[in-house]
Asker: 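Below is a structure I'd like to ask you about.
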Amino acid sequence: MTTTEFYRHLPVLKTERLVLRPLRASDLDDLFEYTQDEETARYVTWNANQTIEQAEQFLNYVLSNYEQGNEAPWAIVWKETGKMIGTIDFIHLLLDDNKQAELGYALSREFWGKGIVTEAVARVMAYGFEELKLERIQARCMEPNIGSARVMEKVGMTYEGTLRRLIFIKGAFHDVKMYAMLRDEYAAVTQKKEANTKQHQ
C-alpha cells in the first residue's frame, strides 16, 4: 500500500466508545462548534475559527485531500450520539523502507478529561503497527501541553527529549517534547496487557 492509497481509502476504526472515520460534509456544524474554541486551539498549529465559513474551508480542504490521496485526518466520533468531537491523523506517514509516522490530534474541550484521546491514539497506533507494519510512531507536543504529554505516556510512548524552539507558531517560538514507540516496544506492551487480561479472567 502507498500513502496515496491509504489516505484515499482511510479505514474506519472502532473502539469501545468511538468511531474513527473519514470526515463528511455533514460534520461541518460539529467541526465549527469545537474549532471556534480558543482553548481547544491553544496548543495546535491552527487558529480558532471565527466563522463557519472558515471551518467549511478546512473541511473542503480535507475532503479534497481524501480524493487526491494527500494527508488527511480521521474524524473522532462519539458512538453514543454520532457527534464529531475531534480529529486524529497520521502525519509524515512513510510506508517505504522507513516505515514510520507521526500522530496528531485535537479534541473538543467538552470531552477533555475522559480518556478519549488516549483511546483514539491507542487504536490508531494498533492499526499502524499491526496493519501498516510501521517500525516507529512518534508524537510531539508543545512543552506546556501537559495533557497531551500524559496521553503519550499512557499509551506507552517513551519521552525522547525536548527540541528547543523548534516551531514558530502564533507569534512565538516554542519548545517541543518528543515521544515515540517502536515496533518491538508495542509488541511487549501488547503481550503484557494480554497476560494481565488472562490472569483476571
Side-chain angles (χ1 to χ4, degrees), residues 1-28 30-31 35 44-46 57-79 82 84-107 115-141 148 151-158 160 163 166-167 176 178-194:
M1 181 190 295
T2 65
T3 55
T4 298
E5 291 169 338
F6 171 75
Y7 288 119
R8 275 183 179 160
H9 306 287
L10 202 65
V12 175
L13 307 177
K14 295 181 180 180
T15 70
E16 183 180 348
R17 299 179 293 173
L18 309 172
V19 176
L20 310 180
R21 59 154 174 79
L23 276 74
R24 304 168 180 164
S26 57
D27 292 323
L28 178 58
D30 291 342
L31 176 68
T35 57
V44 295
T45 56
W46 44 269
Q57 185 176 13
F58 170 74
L59 181 56
N60 288 337
Y61 169 76
V62 170
L63 297 179
S64 175
N65 276 1
Y66 291 142
E67 291 181 5
Q68 297 174 39
N70 295 330
E71 176 193 316
W74 281 278
I76 301 175
V77 177
W78 188 242
K79 263 187 188 178
M84 178 193 172
I85 59 173
T87 59
I88 184 168
D89 54 352
F90 275 140
I91 54 179
H92 311 306
L93 176 64
L94 298 174
L95 294 179
D96 55 14
D97 290 343
N98 289 288
K99 296 287 185 185
Q100 60 182 281
E102 183 168 330
L103 273 170
Y105 43 79
L107 184 72
I116 290 171
V117 172
T118 303
E119 191 172 320
V121 167
R123 182 66 187 91
V124 171
M125 286 179 65
Y127 180 83
F129 285 122
E130 295 173 13
E131 303 299 328
L132 298 181
K133 308 301 181 185
L134 298 179
E135 184 65 22
R136 171 188 169 92
I137 297 176
Q138 67 183 40
R140 298 180 291 173
C141 66
S148 187
V151 167
M152 300 174 204
E153 291 163 0
K154 284 179 184 177
V155 297
M157 285 187 167
T158 298
E160 295 187 331
L163 308 176
L166 179 69
I167 51 176
V176 172
M178 173 70 80
Y179 289 80
M181 179 177 275
L182 304 179
R183 182 175 180 77
D184 54 354
E185 294 169 342
Y186 171 78
V189 169
T190 302
Q191 288 173 0
K192 186 176 180 179
K193 286 180 180 177
E194 290 174 351

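Heavy-atom basis, side chains included; hydrogens, waters and symmetry copies ignored.
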Asker: In the structure I gave you, are the side-chain heavy atoms of Glu71 and Leu93 within less than 4.5 Å of one another anywhere?
Answerer: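 A side-chain contact is absent here, since even the closest heavy-atom pair is not under 4.5 Å.
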Asker: So, do Val189 and Met181 sit near enough that their side-chain heavy atoms are less than 4.5 Å apart?
Answerer: yes
Asker: Okay, side chain of Tyr66, backbone of Leu23: is any donor-acceptor separation there less than 3.5 Å?
Answerer: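 Yes, because the side chain of Tyr66 sits within donor-acceptor range (under 3.5 Å) of the backbone of Leu23.
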Asker: Is the shortest heavy-atom distance from the side chain of Val12 to the side chain of Pro22 under 4.5 Å?
Answerer: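 Heavy-atom side-chain distance check passes, below 4.5 Å.
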Asker: Any chance you could lay out the side-chain contact (heavy atoms from CB on, under 4.5 Å) test for Phe6 and Leu10, step after step, and finish with the verdict?
Answerer: CA-CA 6 Å; Phe6 171 75; Leu10 202 65; 3.6 Å; yes
Asker: Quick check for you: to the nearest 0.5 Å, what is the distance between Thr87 atom OG1 and Tyr105 atom OH?
Answerer: 11.5 Å
Asker: Test your reading of the model: is there a side-chain donor-acceptor pair from Asn65 to the backbone of Asn70, 3.5 Å cut-off?
Answerer: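 No; judged by distance alone, with no hydrogens or angles, the pair does not exist.
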Asker: Minimum heavy-atom separation for Met84 to Ala75, with atom names?
Answerer: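 Here Met84 and Ala75 meet closest at CG-CB, 4.0 Å.
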Asker: Please indicate whether Lys79 has more than 12 foreign heavy atoms, meaning atoms of other residues, nucleotides or ligands, lying under 6.0 Å from its NZ.
Answerer: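 For Lys79, atom NZ is crowded (more than 12 foreign heavy atoms under 6.0 Å).
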Asker: Please give me the minimum heavy-atom distance between Trp78 and Leu18, naming the atom from each residue.
Answerer: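 Where Trp78 meets Leu18 most closely, the heavy atoms are CE3-CD2, 3.7 Å.
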Asker: Between Arg21 and Asp27, does any NZ, NE, NH1 or NH2 come within less than 4.0 Å of an OD or OE carboxylate oxygen?
Answerer: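 Looking at Arg21 together with Asp27, the answer is yes, because their closest N to O distance falls below 4.0 Å.
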Asker: What distance do Met1 atom CE and Glu131 atom CD have between them, rounded to the nearest 0.5 Å?
Answerer: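 That separation rounds to 8.5 Å.
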Asker: Salt bridge (Lys or Arg N to Asp or Glu O under 4.0 Å) for Arg136 and Glu160? Distances and angles first, verdict last.
Answerer: CA-CA 13 Å; Arg136 171 188 169 92; Glu160 295 187 331; 2.8 Å; yes
Asker: Is there side-chain contact between Val151 and Met157, with at least one heavy-atom pair below 4.5 Å?
Answerer: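 Counting from C-beta outward, Val151 and Met157 never come under 4.5 Å.
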Asker: Can you measure from CZ (Arg183) to CD (Glu135) and round to the nearest 0.5 angstrom?
Answerer: 7.0 Å
Asker: I'd like to know whether Met125 forms a side-chain contact (heavy atoms from CB on, under 4.5 Å) with Val155, so could you lay out the CA-CA distance, the side-chain angles of the two residues, the decisive distance to 0.1 Å, and finally the verdict.
Answerer: CA-CA 9 Å; Met125 286 179 65; Val155 297; 3.8 Å; yes
Asker: Which heavy atom of Pro73 sits nearest a heavy atom of Val62, and at what distance?
Answerer: CD-CG1, 3.7 Å
Asker: Would you say that Leu107 contacts Ile85 through its side chain, given a criterion of any heavy-atom pair below 4.5 Å between the two side chains?
Answerer: yes
Asker: Below 4.5 Å, heavy atoms only, C-beta onward: do Leu94 and Thr3 meet side chain to side chain?
Answerer: no
Asker: Would you indicate whether the side-chain heavy atoms of Gln57 and Tyr61 approach each other to under 4.5 Å?
Answerer: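 Of all side-chain heavy-atom pairs linking Gln57 with Tyr61, none is under 4.5 Å.
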Asker: Look at the side chain of Lys154 and the backbone N and O of Glu119, then say whether any donor-acceptor pair between them is shorter than 3.5 Å.
Answerer: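 The answer is no, because no donor-acceptor pair under 3.5 Å joins these two groups.
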Asker: Any luck finding a side-chain donor-acceptor pair between Glu102 and Gln138 under 3.5 Å?
Answerer: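 A pair is found: one side chain offers a donor N or O, the other an acceptor, under 3.5 Å apart.
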Asker: Of the non-hydrogen atoms in Met152 and Cys141, which two are nearest, and what is the gap between them?
Answerer: CE-CB, 3.7 Å
Asker: One pair to check against side-chain contact (heavy atoms from CB on, under 4.5 Å): Leu20 and Ile76. What are the steps and the verdict?
Answerer: CA-CA 5 Å; Leu20 310 180; Ile76 301 175; 3.9 Å; yes
Asker: Check the angle between the aromatic planes of Phe129 and Tyr186 and answer parallel, tilted or perpendicular using the 30° and 60° thresholds.
Answerer: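 It falls in the parallel class, under 30°.
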Asker: Is the shortest side-chain heavy-atom distance between Met178 and Arg140 below 4.5 Å?
Answerer: yes
Asker: What's the spacing between Leu63 CG and Gln68 CD if we round to 0.5 Å?
Answerer: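 Reported to 0.5 Å precision, the distance equals 11.5 Å.
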Asker: OG1 of Thr190 to CD of Glu130: how many Å apart, nearest 0.5 Å?
Answerer: 6.0 Å
Asker: Show the nearest heavy-atom pair for residues Leu134 and Ala101, with the distance to one decimal.
Answerer: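 That would be CD1-CB, 3.8 Å.
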Asker: Quick one: CZ on Phe58 to CH2 on Trp46, what's the gap to the nearest 0.5 Å?
Answerer: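 Phe58 CZ to Trp46 CH2: 8.0 Å, rounded to 0.5 Å.
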